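These numbers were taken from a predicted model, which means no experiment stands behind them. Chain letters run A, B, ... following the sequence lines, proteins first and then strands; every chain starts at 1.
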Amino acid sequence: MAYWLLKSEPESFSIDDLRQKPNGIDAWDGIRSYQARNFLKTMQLGDLAFFYRSSCPVPGIVGTVKVVKTAYPDKTAWNPNEAHYDPKSTPERPIWYCVDVQWLSTFKDVIALRTLRQIPELKTMQLLQKGNRLSVTPVTAQEWKRIEALCLTFPQAQAFKKRL
DNA sequence: GCCAACGTTGGC
DNA sequence: GCCAACGTTGGC
């Protein structure tokens, strides 16, 4: 089982948007970076991911999700009306892929990027590396555990633990 | 709004 | 295949 971090801008897709989908499940689509796509393709059923919100007043981790469907062609790439339309990708030769994720938990408080930077054990996080722009990054088991420990100080910790 | 970092494009 | 120009991301 692997751990990940998925970025999303709350103005386009928030963790509440995901939670309100049927069964809290939706496609993590619109990824148009080869590096990020390659990570998507290595995801396995049951992998866990942090939901990170970016481009907002307090960027940070807001909850967790689970991979419930492994990589399959991203249909939004074929639709000219979609923001992430890419004519180079076709149903016959798809370039872009997505996975399905299911909402697991929303933290009572965001774990701000600013907070993450202050934790010595998290210095290795890909998210925190200089110039990192990848919207899909791997998280090590140690990093996951360290952040989970942070979560357990939050009031909603019980719910979080139960769901995992 | 600024700008650093980085990926992509396209001329050569 | 090089690399300058350009576009995008995303924190601040």
Chemist: If the condition is ring pair (Phe, Tyr, Trp, His ring centres under 6.0 Å), which residues does A:Tyr34 pass it with, not counting sequence neighbours?
Modeler: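 Here the qualifying residues are A:Trp96.
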Chemist: Reckon A:Arg114 touches a base, only the sugar-phosphate, or nothing at all at heavy-atom distances under 4.0 Å?
Modeler: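 Result for A:Arg114 = nothing.
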Chemist: Can you list, by residue number, the residues of residues 2-18 of chain A that have a non-hydrogen atom closer than 4.0 angstrom to DNA chain B?
Modeler: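 Of all residues in residues 2-18 of chain A, none places a heavy atom under 4.0 Å from DNA chain B.
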Chemist: Taking side chain to side chain contact (heavy atoms under 4.5 Å, CB included) as the criterion, tell me which of A:Val99, A:Ile61, A:Val65 meets it with A:Leu6.
Modeler: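 For A:Leu6, the side chain to side chain contact (heavy atoms under 4.5 Å, CB included) check succeeds only for A:Val65.
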Chemist: Quick one: how far along DNA chain C does chain A reach, first to last nucleotide 5' to 3', anything under 4.0 Å to a heavy atom?
Modeler: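 For DNA chain C, the relevant span reads C:dG7 to C:dC12.
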Chemist: Hey, could you give me each pair passing side-chain hydrogen bond (donor to acceptor under 3.5 Å, both in side chains) that has a residue in residues 121-132 of chain A? Not counting sequence neighbours.
Modeler: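 For residues 121-132 of chain A: A:Glu121-A:Arg146, A:Thr124-A:Glu143.
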Chemist: Taking only residues at least two apart or on different chains, which pairs with a member in residues 31-41 of chain A satisfy salt bridge (charged side-chain N to carboxylate O under 4.0 Å, His left out)?
Modeler: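 Non-adjacent pairs meeting salt bridge (charged side-chain N to carboxylate O under 4.0 Å, His left out): A:Arg32-A:Asp74.
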Chemist: Under the ring-ring contact (aromatic ring centres under 6.0 Å, His included) definition, can you give me all pairs with a residue in residues 59-79 of chain A, not counting sequence neighbours?
Modeler: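 Those involving residues 59-79 of chain A do not exist here.
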Chemist: Taking only residues two or more places apart in sequence, or in another chain, which ones meet A:Ser135 in a side chain to side chain contact (heavy atoms under 4.5 Å, CB included)?
Modeler: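 Once residues adjacent in sequence are excluded, the partners of A:Ser135 under the side chain to side chain contact (heavy atoms under 4.5 Å, CB included) criterion are A:Lys7, A:Ile31, A:Ala36.
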Chemist: Which residues pass the side chain to side chain contact (heavy atoms under 4.5 Å, CB included) test with A:Arg133, sequence neighbours left out?
Modeler: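 Per chain and number, A:Arg133 pairs via side chain to side chain contact (heavy atoms under 4.5 Å, CB included) with no residue.
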Chemist: Which pairs of donor and acceptor atoms, one on a side chain in residues 42-52 of chain A, lie under 3.5 Å apart (sequence neighbours left out)?
Modeler:
{"from": "A:Thr42", "atom 1": "OG1", "to": "A:Phe39", "atom 2": "O", "distance (Å)": "2.8"}
{"from": "A:Asp47", "atom 1": "OD1", "to": "A:Ala2", "atom 2": "N", "distance (Å)": "2.9"}
{"from": "A:Asp47", "atom 1": "OD2", "to": "A:Trp4", "atom 2": "NE1", "distance (Å)": "3.0"}
{"from": "A:Asp47", "atom 1": "OD2", "to": "A:Gln44", "atom 2": "N", "distance (Å)": "3.0"}

Chemist: Between residues 131-138 of chain A and DNA chain B, which residues have a heavy-atom gap below 4.0 Å?
Modeler: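 Result for residues 131-138 of chain A: A:Gly131, A:Arg133, sorted by number.
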Chemist: Sequence neighbours excluded, which residues qualify as side chain to side chain contact (heavy atoms under 4.5 Å, CB included) partners of A:Thr90?
Modeler: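 In terms of side chain to side chain contact (heavy atoms under 4.5 Å, CB included), with neighbours along the sequence ignored, A:Thr90 is linked to A:Glu92, A:Arg93.
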Chemist: Tell me the bend of the helix from B:dG1-C:dC12 to B:dC12-C:dG1 as the angle between end helix axes, each from five pairs, rounded to the nearest 10 degrees.
Modeler: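 For the helix from B:dG1-C:dC12 to B:dC12-C:dG1, the axes at either end differ by 10°.
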